[in-house]
Enquirer: 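Pasting a structure here, questions to come.
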Amino acid sequence: MEEIKEKINYIKKILLSKGYKMTIQRNEIIKLLLITEKHLMADEMYHELKNKGIGLATIYRNLELFKELNIVREINSIEGRYFELKIFSKKCMDIHFKCSKCGKIEDIYEHDMIYNILNYNRVIENNTGYEIKDVSMIMKGLCNKCRG
Ligand SMILES: [Zn+2]
Ligand SMILES: [Zn+2]
């Protein structure tokens, strides 16, 4: 719990530096993203937070702000948009696996793969003149449980 407090304080400083306050609602949304192990959709967050008087519109509004400030990452999938904290993530890229049967979303950490993608980015930048800032990818298939 101590670690969560420190992380919330860190985000509070970012908000303040951009001219935003850490409101009770923002605090609750961040806390939920910190303690949850899952990737959450806005309505799942609403389900968790409605007993604290936080509405869906407030959640969407703040998620947009957190995205703008690079605190939260949005993962787009056919079923909808999922959110996770980006700020304390060790990942330099947004690479996920999604089970097409049970819908579970997992982070993918593969050092070799990330190394290779960074190399491809460099090739693409050289060929096109683009500046690539992030990579977003969803791999789809069956998780261990659904395979069995
Ligand atoms: Zn599955
Ligand atoms: Zn993730």
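Counting from 1, the numbers follow the sequence of the chain as shown. Atoms within a ligand are numbered from 1 in the order they appear, just like the ligands themselves. What you see below is based on every heavy atom in this structure, not just the backbone, and it leaves out hydrogens, waters and symmetry mates.
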Enquirer: Decide if atom CD of Glu79 counts as having more than 12 heavy atoms of other residues, nucleotides or ligands within a radius under 6.0 Å.
Expert: yes
Enquirer: Vertex the Zn ion (ligand 1): angle to SG of Cys146 and SG of Cys143, to 10°?
Expert: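 Approximately 100° at the metal, rounded to tens of degrees.
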Enquirer: Which angle, to 10 degrees, forms at the Zn ion (ligand 1) with SG of Cys99 on one side and SG of Cys102 on the other?
Expert: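 The two atoms subtend 110° at the Zn ion (ligand 1).
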Enquirer: When rounded to the nearest 0.5 angstrom, what distance separates CG in Leu15 from CZ in Phe66?
Expert: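 These two atoms lie 6.0 Å from each other.
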Enquirer: Can I get a per-line list of side-chain donor-acceptor pairs under 3.5 Å for residues 115-125, giving both atom names and the distance, sequence neighbours left out?
Expert:
from   : atom 1 : to     : atom 2 : distance (Å)
Asn116 : ND2    : Asp112 : O      : 3.1
Glu125 : OE2    : Ile132 : N      : 2.8

Enquirer: The Zn ion (ligand 2) as vertex, arms to OD1 of Asp107 and NE2 of His96: angle to 10°?
Expert: 100°
Enquirer: Establish, yes or no, whether the cationic atom of Lys7 lies under 6.0 Å from the six-membered ring centre of Phe88 and within 45° of the ring axis.
Expert: yes
Enquirer: Measure from the Zn ion (ligand 2) to every N/O/S atom of Glu84 and report the name of the nearest one.
Expert: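 In Glu84, the heteroatom (N, O or S) nearest the Zn ion (ligand 2) is OE1.
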